[in-house]
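First the structure, in the form of structure tokens, and then the observations on it.
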Amino acid sequence: MYALVDGNNFYVSCERVFRPALNRCPVVVLSNNDGCAIARSNEAKDLGIKMGAPYFQIKHLEVTEGLVALSANFALYGDMSERMMSLAAGLGPEQEIYSIDESFITLHGVRDVTRRAWTIRDRIARGVGIPCGIGIGPTKTLAKLANAIAKDAERKPGSYPAHLARVCNLAELPRLELQAILEQTHVGAVWGIGNRISNQLNEAGIANVWQLTQADLGTIRRRWSVVLERTVRELRGESCIALEDAPPPKKMIACTRSFGQPVEDLGPLIEAVSEYASRAAEKLRRQRGLAGQVQVFAHTSPFRPGPRFSRSIVVPLLRPTADTALIVRSAVDGLRRIYEEGYELIKAGVILLDISDGTIKQNELDLGEASKDRSALYGALDKINMRYGRGTLHLASTGLEPGSARWGMRQERRTPRYTTNIEEIPVARC
DNA sequence: TCTGGGGTCCTAGGACCC
DNA sequence: TCTGGGGTCCTAGGACCC
């Protein structure tokens, strides 16, 4: 048996903890550069604001409807998440943190599951201030579905029986009631079924979850995929997706950003890509991995008229490494190869690929002889950035010498909080 | 004027190789 | 008329998730 604990409208709820005045207002949290809405309060949803709605399209609601739009504060959300997760863990013996606002919990050995779920929900509400929904079912997919039902029952009274609101335990429902609930639930609500497959299922006469559970497995596999077949089995109560208590190491690590303003010239592009590469390398070291390849991409806006540009390149590294200098250099080399003048680029990114486990023989693999110094330097760099904020200190790169890199401090956007003379920092041989 | 940033898995075509 | 078979790598894109 599994539970899924999920914070409601998570980013918005985090903001409301510190600004209770926002409690009954329509609120959205915006992405980087205030580009689009990535979290919405119920009131904002009721105004018809869709997930991912561009800010410029909803801005007028600030005037007409009292909408409050906030810039995202991911450090805050990460912190609130940790507190919520540690309380949620009290629900059962094992926990898988699935995303910033969701965790699966196994329930074997837990007695009086539904009551305990209410208790935990209450603890999170009082201790952290985040309202949660809790779904319970025999498989992860059913727990997810139960969670979706718990939310709908709360938000749209009448959509489901009121006793399923906030905490919904599908496992304790009488068979006929469960069937009725599943018949009321659209296939698109199921974890793993997006818009595309939902439409295809509808065309095939499978509109609700109950119908999907009755479908022939062989047909599902042939017409769609083994992935959908697994989902159907899970909906029938056959557990196919196990709890992952230790997150598997990432197979790719990306750092990508949209620019506030379009960028045309190589210089600023190199600056940006250097910083992304440096951040990606930091994430890589955090999971003690080594990358074998670096991918770089840049593209123009898919929404704006004008000449289109979208290119990417994979640069193989001589040997697997987590060395910021090598990764930055490769990324910049790749960028130079794909770059072309005359395009208004709005986004670029660096993706580390072919990631292997660096805990074995990291020292030998990592570098030549310069590397011992360098890995101490990176350790210090990562610690400083963790303590004083991401990007306090980073590896800079100039457009002047191809592939050159030097240590520098980021000055923009943030009052420097770390004030050592740069000259005192050893210069890496890059 | 203004459209996020991560991830996973799968498929397919072309280049290139033996 | 008719043009191997199998493999890898790269690039691109589609589908899903948060």
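Chain letters run A, B, ... following the sequence lines, proteins first and then strands; every chain starts at 1.
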For this session: Using only heavy-atom distances, determine whether the side chains of D152(A) and S159(A) contain a donor-acceptor pair under 3.5 Å.
Result: no

For this session: Could you tell me the separation between the NZ atom of K59(A) and the C1' atom of dT3(B), rounded to a whole number of Å?
Result: 15 Å

Exercise. So, do V128(A) and V17(A) sit near enough that their side-chain heavy atoms are less than 4.5 Å apart?
Worked result: no

Exercise. Can you find a side-chain donor-acceptor pair between S71(A) and D34(A) that sits under 3.5 Å?
Worked result: yes

Exercise. Of all the nucleotides listed (dG6(B), dT3(B), dC17(C)), which has the minimum atom distance to the side chain of W191(A)?
Worked result: dC17(C)

For this session: Quick one: label L30(A) by what it contacts on the DNA or RNA (base, sugar-phosphate, nothing), any heavy atom closer than 4.0 Å.
Result: nothing

Exercise. Is any side-chain heavy atom of V27(A) closer than 4.5 Å to a side-chain heavy atom of E15(A)?
Worked result: no

Exercise. Is D101(A) touching bases, backbone alone, or none of the nucleic acid, heavy atoms closer than 4.0 Å?
Worked result: sugar-phosphate

For this session: Answer with base, sugar-phosphate or nothing: what part of the nucleic acid does V226(A) contact at a heavy-atom distance below 4.0 Å?
Result: nothing

Problem set entry | R304(A) vs dT1(B): side-chain N/O to OP1/OP2 distance below 4.0 Å | no

Problem set entry | Distance test, side-chain N/O of S225(A) to OP1/OP2 of dA15(C), below 4.0 Å | no

For this session: Please determine, for the side chain of Y98(A), which listed nucleotide (dA15(C), dC17(C), dT1(B)) has the closest atom?
Result: dC17(C)

Exercise. Looking at dG4(B), dG6(B), dT3(B), which one has an atom nearest to any side-chain atom of T256(A)?
Worked result: dG6(B)

For this session: Classify the nucleic acid contact of N195(A) as base, sugar-phosphate or nothing, counting any heavy atom under 4.0 Å across all strands shown.
Result: sugar-phosphate

Problem set entry | Min side-chain heavy-atom separation T324(A)-E282(A) under 4.5 Å | no

For this session: Kindly indicate whether the side chain of F10(A), heavy atoms from C-beta on, has any atom under 4.5 Å from the side chain of M84(A).
Result: yes

Return the polar atom pairs (N/O with N/O) between nucleotides 7-10 of chain C and the protein under 3.5 Å, or none.
unit_1  : atom_1 : unit_2  : atom_2 : d
dC10(C) : OP2    : Q293(A) : NE2    : 3.2

For this session: Measure up the Y343(A) and F309(A) rings against each other and bin them: parallel (under 30°), tilted (30 to 60°), perpendicular (over 60°).
Result: tilted

Problem set entry | K140(A) side-chain N/O to dC17(C) phosphate OP1/OP2 under 4.0 Å | no

Seminar exercise, completed: Looking only at dT3(B), dC18(C), dA15(C), the nucleotide nearest the I197(A) side chain is dA15(C)

Exercise. If you measure from CD1 on I105(A) to CD on E96(A), what distance do you get to the nearest 0.5 Å?
Worked result: 10.0 Å

Exercise. Less than 6.0 Å separating the ring centroids of F104(A) and W191(A)?
Worked result: yes

For this session: Indicate whether OP1 or OP2 belonging to dG5(B) is found under 4.0 Å from a side-chain N or O atom of S258(A).
Result: yes

Seminar exercise, completed: When pairs are called at under 3.5 Å and a stem needs at least three consecutive Watson-Crick or G-U pairs, the stems of DNA chain C are B:5-18 with C:5-18

Problem set entry | Nearest-Å distance once atom P is located in both dC2(C) and dC16(B) | 25 Å

Exercise. For I253(A), which contact category applies under a 4.0 Å heavy-atom criterion: base, sugar-phosphate, or nothing?
Worked result: sugar-phosphate

Exercise. Looking across every strand, which nucleic acid part, if any, lies under 4.0 Å from K251(A) by heavy atom: base, sugar-phosphate, or nothing?
Worked result: sugar-phosphate

For this session: Answer yes or no: is there a side-chain heavy-atom contact under 4.5 Å between N147(A) and C168(A)?
Result: no

For this session: Just call it for F303(A): base, sugar-phosphate, or nothing, with non-hydrogen atoms closer than 4.0 Å on any strand.
Result: base

Seminar exercise, completed: Considering only heavy side-chain atoms of Q57(A), the closest of dG5(B), dT3(B), dC17(C) is dT3(B)

Exercise. Is any side-chain nitrogen or oxygen of K283(A) closer than 4.0 Å to OP1 or OP2 of dG6(B)?
Worked result: yes

